[in-house]
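Take a look at the structure below.
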Amino acid sequence: MDLPRHIAVIMDGNGRWAKKRFLPRMVGHRTGSENLKKLINDCDDIGLEHITFYAFSTENWKRSQEEVSNLMDLLREYLDDHIKNERDNNFRIDFIGDMSRLAPDIQTKMKYVRELYSTHRGIFVHIAINYGSRDEIRRAVCEITEEVKEGNLLPRDITEDTISSHLDTKAVPDPELLIRTSGEMRLSNFLMWQLAYSEFYFSDKLWPDFKIGDLLEAVKSYNSRDRRFGGRNEVK
Ligand code: IPE
Ligand code: IPE
Ligand code: MG
């Protein structure tokens with residue numbers, strides 16, 4: 001089986017997982033977070049290079065204040081757990097999205113974890129927090145126009161690579177495969193530039209139930225696709 005270099009995952013369905021069990025939404029988020037930890041280590045074991053998870057979107061602030069503050073507390077716990085158990089984890093970790101709107105203590109923990117895990121050798125995990133593709137492109141446009149204003153760049157020299165190199169994902173190859181759980185078939189503002197030519201896989205499993213075997217099913221489906229990139233794969 002050919003593994004893609006980079007898989008992107010929209011972790012959706014925590015709320016429905018809890019609702020089915022007559023539990024508070026927060027229990028779904030907590031179980032989802034445990035599932036994330038397990039899946040990351042399983043992905044490291046199979047030798048995947050990069051994986052990006054959508055954890056909190058720029059639109060998720062619209063949820064109730066209670067849910068948002070619970071999610072932020074869960075993020076704190078998640079980061080603390082990574083600090084405490086650093087020795088058991090082989091992966092590297094980074095974050096995409098606009099960190100500046102997060103509480104200062106969360107920003108400090110994120111930077112600390114990124115630094116702490118930077119000497120690891122395993123899979124590179126990217127977690128999208130306060131991430132929105134439109135916001136990411138807006139921030140890139142701001143940076144590029146500043147360079148033009150300062151006279152360091154001519155508008156006619158702006159290429160697709162210029163734009164890619166100003167996105168949060170600049171150091172990472174575009175995902176070959178996108179997985180979304182819980183049966184929803186939309187992007188919800190995730191990596192719109194980077195997913196331009198990716199293969200999409202939608203799973204009906206709710207996020208807390210999505211395991212490594214399910215991810216490998218997605219890879220199997222990916223392997224059976226005919227990727228053309230606008231050209232033609234001639235059969236001789
Ligand atoms: C995904 O689960 C987690 C976040 C968006 C933070 P949801 O909370 O969206 O779960 P559903 O879609 O309501 O089931
Ligand atoms: C997308 O899920 C965002 C994350 C998984 C973090 P949502 O549940 O927020 O998306 P919509 O509202 O169903 O589009
Ligand atoms: Mg959802």
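The structure presented is a predicted model; accordingly, all values stated were derived computationally and were not measured. We're numbering straight along the sequence, starting at 1. Every number for a ligand or one of its atoms is a count from 1 in the order of the listing.
A salt bridge links Arg138 with Asp135; the closest basic N to acidic carboxylate O contact falls under 4.0 Å. The existence of a salt bridge linking Asp42 and Lys38 is confirmed by a sub-4.0 Å separation between a basic side-chain nitrogen and an acidic carboxylate oxygen. In summary, Lys37 and Glu34 engage in a salt bridge, as defined by a charged side-chain N under 4.0 Å from a carboxylate O. Salt bridge Glu176/Arg5: absent, no basic N to carboxylate O contact under 4.0 Å. A salt bridge is absent between Arg101 and Asp98: the closest approach of a Lys/Arg side-chain nitrogen to an acidic carboxylate oxygen does not fall below 4.0 angstrom. Residues Lys211 and Asp209 are not paired through a salt bridge, judged by the lack of any N-O separation under 4.0 Å between the basic side chain and the carboxylate. The residues Lys109 and Glu77 are annotated as not salt-bridged, no charged nitrogen and carboxylate oxygen being separated by less than 4.0 angstrom. Remark: Glu217 engages Lys220 in a salt bridge, criterion side-chain N to carboxylate O under 4.0 Å.
Residue-level proximity to ligand 1 for Asn60 is carried by the side chain, the only part with a heavy atom below 4.0 angstrom. Looking at Ala55 against ligand 2, only its backbone comes within 4.0 Å, counting heavy atoms. Contacts between Lys62 and ligand 2, counted as non-hydrogen atom pairs separated by less than 4.0 Å, are absent for every part of the residue.
At least one N/O-N/O distance between Gly15 and ligand 1 falls below 3.5 Å. Residue Trp17 has no N or O atom closer than 3.5 Å to an N or O atom of ligand 1.
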Pair Ser57, Asn60 - check side chain to side chain donor-acceptor pair (under 3.5 Å), show working.
CA-CA 5 Å; Ser57 74; Asn60 286 147; 3.2 Å; yes
May I have the step-by-step check of salt bridge (Lys or Arg N to Asp or Glu O under 4.0 Å) for Lys170 and Asp168, ending in yes or no?
CA-CA 6 Å; Lys170 48 182 152 289; Asp168 298 343; 5.5 Å; no
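Cation-pi geometry between Arg21 and Trp17 is met: the NZ or CZ atom falls under 6.0 Å from the ring centre, inside 45° of the normal.
Near the Mg ion (ligand 3), less than 2.8 Å away, sit the protein N, O or S atoms Asp12 OD1.
Ring pair His6/His50 is tilted by interplanar angle, where 30° to 60° counts as tilted. Relative ring orientation between Tyr78 and His82 is described as tilted, the plane-to-plane angle lying within the 30° to 60° band.
With ligand atoms numbered from 1 in the order given, ligand 2 contributes 6 (C) to contacts under 4.0 Å with heavy atoms of Phe56. Per-residue contacts place His29 under 4.0 angstrom from the following atoms of ligand 1 (heavy atoms of the residue considered): 3 (C), 8 (O). Interface atoms of ligand 2 facing Ile10, defined by a heavy-atom separation under 4.0 Å, are 5 (C). Proximity to Met11 (heavy-atom distance under 4.0 Å) selects the following atoms of ligand 1: 1 (C), 3 (C).
At the top of the distance list for atom 3 (C) of ligand 1, counting protein heavy atoms only, stands Asn14 ND2, 3.6 Å. If you check which protein heavy atom lies closest to atom 12 (O) of ligand 2, you get Arg186 NH2, 4.7 Å. In terms of protein heavy-atom proximity, atom 13 (O) of ligand 1 is nearest to Arg25 NH2, 3.0 Å. Atom 14 (O) of ligand 2 has Ser188 OG, 2.6 Å as its closest protein atom, hydrogens excluded (heavy atom only). Counting protein heavy atoms only, atom 5 (C) of ligand 1 is closest to Arg63 NH2, 3.4 Å.
Ligand 2 lies less than 4.0 angstrom from a heavy atom belonging to Arg180. In this structure, Ser182 falls outside the shell of residues with a heavy atom less than 4.0 angstrom from ligand 1. Put simply, no part of Glu184 is less than 4.0 Å from ligand 1, judged by heavy atoms.
Cluster annotation: Tyr201 is not connected to Tyr54 through the hydrophobic network of ILVMFWY side chains, with a link wherever side-chain heavy atoms come within less than 4.5 Å.
The six-membered or imidazole ring of Phe91 lies near that of Tyr117, with a centre-to-centre distance under 6.0 Å.
Remark: among candidates Phe190, Phe53, Tyr54, the nearest residue to atom 4 (C) of ligand 2 is Tyr54, based on non-hydrogen atoms.
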